[in-house]
Number of protein chains: 2
Amino acid sequence: MTDSRPRRRSERARVAILEATNVLLHDHGLENLSIEEIAATAGVGKQTIYRWWPTRPALVADALLHRDDLAPLLPKDTGDVVKDLSRWAGGLAESLGSDRGAATLRMLTAAATEHPEISRRLHERFSGPLQETAYERLSAAKEIKATPAQRRHAVDAIIGGMVYKVLSHQKLTRAGAAETVRIVLRGLGASV
Amino acid sequence: MTDSRPRRRSERARVAILEATNVLLHDHGLENLSIEEIAATAGVGKQTIYRWWPTRPALVADALLHRDDLAPLLPKDTGDVVKDLSRWAGGLAESLGSDRGAATLRMLTAAATEHPEISRRLHERFSGPLQETAYERLSAAKEIKATPAQRRHAVDAIIGGMVYKVLSHQKLTRAGAAETVRIVLRGLGASV
DNA sequence: GCCCAAACGAGACGCCGCGTCTCGTCTGAG
DNA sequence: CTCAGACGAGACGCGGCGTCTCGTTTGGGC
């Protein structure tokens, strides 16, 4: 992991490009995003973009990673797994269920679909931490007797259920997400 | 709903366009799909495409709907809900878990992300029937005591869990899907 | 079987964004 | 202070876009 970069990269340009990308992503959508307009908006030469990002999806991924309003919502630990995960899923549902949240989730999905490497980076930052902490919270609960694989499946069912509802334009509510958590946890042997 | 179309549309051209689209979709992917190449491949004038399809996503959706190898896999009814849904989910997982199946699912997702109307049509044909028959199979089972909303959440968790695994590049296996079904159905009160 | 409007195949057109390139200027590490 | 390399700006050829205009084919109505 040797950092072989004696290069004098302009931080000002880098940030301007990422922020311009996010603005135009929000205004015109992923489909109508043009490098020319990003450069013009950021007050930057096109070459400066092509110098540092190999492809458009790579730039989009970096722009999404640069957003500071997308910190993943993580479950608390009060000792009551069912309550903790229900509240966590409820909050997540409220966030992803809003117009803005749903639009962002669809954009993340579309960007991830374009390139496996982009998918990996976005997952590492967004859905990964969600999965991991929910899994750990589940593993710490004494009342749940399940194999690690079963816990993984349970977490995926909860998160996947929400993602699926958004992608298929179904309603995603706080109450519905909490209900899903209750069903899945009961299936893992928790008393609900 | 008056059908005001005394128009003499060429069936030959229509089919050639849809099939050329599917071929190019498979060869170059959604991102590199060009109308020019579709027209050339189908042996058709560009105007013939623009005359009948308003946008590129609309054409992609019709092409996917025209594929006859994508008939949704539906659960049987042998009287044993757990076994029926486990096998169904297992088959679905095997199909979606293959390289080709996963690629198709990602393409469907990407196409659906581009436009709400496209999303609605694809859902109506593919995920919709899956949801509905799984829901009905669940409702017919006497051993399951749950509200309609709970059944919906359960179905979404099962299907969503699989979709999520594919989109996040996790392994999707027959056994894993069956295990997820067992967890969720146990959560609905079934004895597993 | 004839007619004719509409759909067809072909391709030219202007436009725009792509990715590359070449300027002259700016800047920061040594 | 120096100078290599990043920078802003924008010209360039290319290719696909969506529209248009040809002349030809086709199929429903008479």
Whole-Å gap separating P (C/dG19) and CH2 (A/W52) | 19 Å
CG of A/N32 versus C1' of C/dC16: gap in Å, rounded?
-> 13 Å
Can you check whether B/D84's main-chain N or O pairs, donor with acceptor, with B/R137's side chain at less than 3.5 Å?
-> no
What's the closest nucleotide to the A/K46 side chain, out of C/dG28, C/dA7, C/dT20?
-> C/dT20
Quickly work out the B/L33 CG to D/dG18 P distance and round it to whole Å.
-> 12 Å
Which whole-number value in Å describes the distance from A/L59 CG to C/dG19 C1'?
-> 14 Å
Nearest-nucleotide check on DNA chain D, A/V44 vs A/E36; residue mapping nearer the 5' end is A/V44
Give B/Q47 one of three labels, base, sugar-phosphate or nothing, depending on what nucleic acid heavy atoms sit under 4.0 Å from its own.
-> base
Looking at every strand, decide which applies to A/R12 at a 4.0 Å heavy-atom threshold: base, sugar-phosphate, or nothing.
-> sugar-phosphate
Side chain to side chain donor-acceptor pair (under 3.5 Å) partners for A/E124, two or more places apart | A/R120
Report the residues that fulfil side chain to side chain donor-acceptor pair (under 3.5 Å) with B/S168, sequence neighbours left out, ordered by chain and then residue number.
-> B/Q170
Take atom CZ of A/R51 and atom C1' of C/dC18, then tell me their distance rounded to the nearest Å.
-> 17 Å
Atom OH of B/Y50 to atom C1' of C/dC8: distance rounded to whole Å?
-> 17 Å
Does A/R186 use its side chain to pair, donor to acceptor, with the backbone of B/G189 at less than 3.5 Å?
-> no
Counting only distance, no hydrogens or angles, is the base of C/dA5 paired donor-acceptor with the side chain of B/R8 under 3.5 Å?
-> yes
Nearest whole angstrom, please: distance from the P of D/dA6 to the CZ of A/R9.
-> 11 Å
Please tell me if the side chains of A/K83 and A/S86 come closer than 4.5 Å, counting only heavy atoms from C-beta onward.
-> no
What integer distance in Å separates B/E31:CD from D/dC17:P?
-> 13 Å
So does B/T48 get a side-chain nitrogen or oxygen closer than 4.0 Å to the phosphate oxygens (OP1/OP2) of C/dG9?
-> yes
